[in-house]
Visitor: 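Below is the structure I would like to discuss, written out as structure tokens.
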Amino acid sequence: MSEQPDPFMLNQWFAISGLTDVGPTAKNTLLMGEKLSYRRAGDGFEVTTADGRTLPVLAQYACLWTSLGQPESGLFEIPQYHETDRRSIVAGSIGVNVSAQRGVENFLDMGHFPFVHTGILGELPHTEVKEYNVRLTEDGSEIIATECMFYQPMASTVSTEGMDVEYIYRVPHPTCSVLYKSSPLDEKRLDVIALFVQPIGPEKLRAHMVLSILDDVNADDFISHFQLHIFGQDKPILENQMPKRLPLDTRAETPIRADKSSIMYRRWLAAKGVTYGTIPAAA
Amino acid sequence: MIRLYDYDLSGNCYKVRLMLAILGLDYERKNVEFFPGKRHREPEFLAVNPLGQLPVLEDGDLRLTQSQAILTYLARAYDASGQWFPLDTPARTGQCLQWLGFADALTATASAARLADGMGFDFDGDAAREGAHKLFAVLDEHLWFHEREGHDWLVPGAAPTIADIACFPYVMLSEEGGIPREPFPAIRRWTDRVKRIPGFVVMPGIFPAILGSQ
């Protein structure tokens, strides 16, 4: 199994910290096994490797991004992030002992809501994942899942009652996903929850959760509390995944209809030649 | 009304919430954002506990820190049966305190590994894991021999004590620090028993005995 990044992963941008956690004193982190230090330097940011190489940086979507290779372009677009009446919050950066791609796959899965997020994102007996659509964009750069409907007792921090919630998932990056879900405050608009996963090692991730939501009621620490509570519920599921890397062979695990997004995600990773954090199909 | 200075993802805060729930006590939950905000190091909370440690319990004029001390207080103050903090024999009192000390050792190891892996604290995760592994081996052996003598709980006797409540959280959250429980079957049977104590509640990272029930 690959311990070195494949070309597709090597040349991606990865979030390595929330911007609010970056100060003038250097902090350390790992990106695909490479030790990095990062800090605020003047008006910008600086990311260096242990052997003194300066890496490219981006400050976007409330996070600091870098790359071990040479990214072909900037980051994917999240237009809603720039809407001025939204609250944008980095809910936290959490380490999990599992591969980055397993983390994304769990984020795409609705089937676990009633069992793992009981009373919040689902509840018994509402366990059915109804039929939804998954497609690849024309240029093949992104996966989009639409018309995902799910009954949620407490869909967000401003929920006062259970509701049928619509989800749209985007996967515009091998370890990032952007989720849009109905806002309890405004039926015409969607809350945005972005998961930017930093692969620390092939079986270790750090998840940066950035919310861009309609909530004019609650304090930041309550919104973070809500999101970390949900993520904390996912941790034992993620850390008990066997194998810890995502198998790309379609016969390796038995999918059900609800796993359409995951099947597309695995195929897409395989087509891009991703070996880091995955178990590629035998040739 | 009892007030608890609390953080949702803290095992030491959770054990106090668990005890309060088992005893059927109402309380006010005051969130101190330990992570990511590090609010426990800010003046507002340092005025409550100068050591900056969670949890803190207030009950009337009493303000208590240290989760094991808080469990002891709650049992003495609110458990008329005397089950939870056993004073019936000197041996059982001593054994209960021994396991409360063990719970502190779990905080120093299994919890430290979890903070290093999960929340980016600058601790030596490998040293913490090694320490936790030794503790888990001792705990598993104790429980295994105890089961053979017909005892279900850490302190011999028919009913659980605060020793079980004190040791449970960081054992149950160990995988977040990279410490598997597969090698410790007696520990796994004991944690299943704790989950069936009437009044049991969960925290993120710990599931109920029956999935989807809480």
Side-chain angles (χ1 to χ4, degrees), chain A residues 16-18 20-21 27-30 89-98 112-120 122-127 198 200-201 203-209 218-242 244, chain B residues 5-11 13-14 17 29-40 42 44-45 112-123 125-126 129 169 171-182 188 191 195 201-214:
Chain A
I16 58 167
S17 174
T20 48
D21 281 340
K27 290 186 181 177
N28 297 320
T29 190
L30 287 165
I89 297 161
V90 183
S93 302
I94 300 267
V96 187
N97 289 312
V98 77
H112 74 287
F113 289 169
F115 304 99
V116 175
H117 308 295
T118 314
I120 306 173
E123 71 184 358
L124 303 182
H126 308 278
T127 58
Q198 169 188 357
I200 298 278
E203 299 184 357
K204 223 170 162 64
L205 68 80
R206 196 154 90 117
H208 308 278
M209 283 172 287
N218 293 295
D220 282 9
D221 70 341
F222 180 74
I223 295 168
S224 168
H225 177 285
F226 182 80
Q227 203 57 35
L228 292 183
H229 185 89
I230 291 167
F231 198 78
Q233 293 174 326
D234 283 315
K235 280 196 97 180
I237 304 298
L238 287 166
E239 288 172 337
N240 280 289
Q241 290 278 9
M242 289 292 274
K244 284 185 176 289
Chain B
Y5 292 85
D6 182 46
Y7 177 64
D8 194 39
L9 303 181
S10 155
C13 292
Y14 164 63
R17 298 197 299 269
R29 204 173 160 182
K30 199 164 164 52
N31 179 39
V32 180
E33 195 190 72
F34 173 85
F35 175 86
K38 296 192 172 73
R39 302 268 185 262
H40 61 299
E42 289 186 1
E44 189 184 344
F45 182 68
R114 173 175 177 258
L115 294 180
D117 277 15
M119 299 184 190
F121 278 67
D122 193 14
F123 296 151
D126 288 336
R129 270 182 284 280
V171 168
M172 208 59 224
L173 295 167
S174 69
E175 281 162 342
E176 296 188 13
I179 304 153
R181 289 185 300 280
E182 277 88 2
R188 297 206 309 274
T191 56
K195 289 181 176 187
V201 290
V202 296
M203 69 167 274
I206 298 179
F207 289 113
I210 300 162
L211 212 55
S213 67
Q214 279 192 24

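The sequence lines fix the lettering, A, B, ..., with proteins before strands; numbering per chain opens at 1. All figures in this text were calculated on a predicted structure; none of them were measured in a lab.
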Visitor: Identify which part of B/Phe207 has an atom lying under 4.5 Å from any heavy atom of chain A, answering side chain, backbone, both or neither.
Guide: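 Side chain of B/Phe207 only, per the 4.5 Å heavy-atom cut-off to chain A.
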Visitor: Which atoms of A/Ala91 come close to chain B, meaning under 4.5 Å heavy atom to heavy atom: side chain ones, backbone ones, both, or neither?
Guide: backbone
Visitor: Kindly write out the residues that satisfy side-chain contact (heavy atoms from CB on, under 4.5 Å) with A/Asn97, not counting sequence neighbours, or none if the list is empty.
Guide: A/Lys204, A/Glu239, A/Lys244, B/Asp117
Visitor: Hey, what's the ring geometry for A/His225 with A/Phe222, parallel, tilted or perpendicular (30° and 60° as the breaks)?
Guide: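 Taking A/Phe222 first and then A/His225, their aromatic rings lie parallel (interplane angle under 30°).
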Visitor: Can you tell which of A/Ile230, A/Ile200, A/Leu124, A/Asp234 has the highest number of heavy-atom pairs within less than 4.5 Å of chain B?
Guide: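 Ranked by contacts with chain B, first place is A/Leu124.
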Visitor: With chain A as the partner, which of B/Val202, B/Leu211, B/Asp8 has the greatest number of non-hydrogen pairs under 4.5 Å?
Guide: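 Most heavy-atom pairs under 4.5 Å with chain A: B/Asp8.
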Visitor: Taking B/Arg129 for its side chain and B/Ala113 for its backbone only, find out whether a donor-acceptor pair lies under 3.5 Å.
Guide: no
Visitor: What about B/His40 and B/Phe34, are their ring centers closer than 6.0 Å?
Guide: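 Here the rings of B/Phe34 and B/His40 have centres that are less than 6.0 Å from each other.
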Visitor: Taking every heavy-atom pair that is under 4.5 Å apart, which of A/Val96, A/Asp220, A/Val116 has the most such pairs with chain B?
Guide: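 Top option by heavy-atom pairs under 4.5 Å: A/Val116.
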Visitor: Side chain from CB out, backbone as N, CA, C, O: work out which of these in B/Leu9 comes under 4.5 Å of a heavy atom of chain A, or both, or neither.
Guide: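 It is the side chain, since no backbone atom gets that close.
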Visitor: What pairs with A/Asn28 under side-chain hydrogen bond (donor to acceptor under 3.5 Å, both in side chains), at least two apart in sequence or on another chain?
Guide: none
Visitor: Testing the basics here: between A/Asp21 and A/Ser17, what is the closest heavy-atom pair and its distance to 0.1 Å?
Guide: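 Reported closest heavy-atom pair: CB-OG, 3.6 Å.
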Visitor: Heavy-atom cut-off 4.5 Å, strictly under: side chain, backbone, both or neither for B/Glu33 against chain A?
Guide: side chain
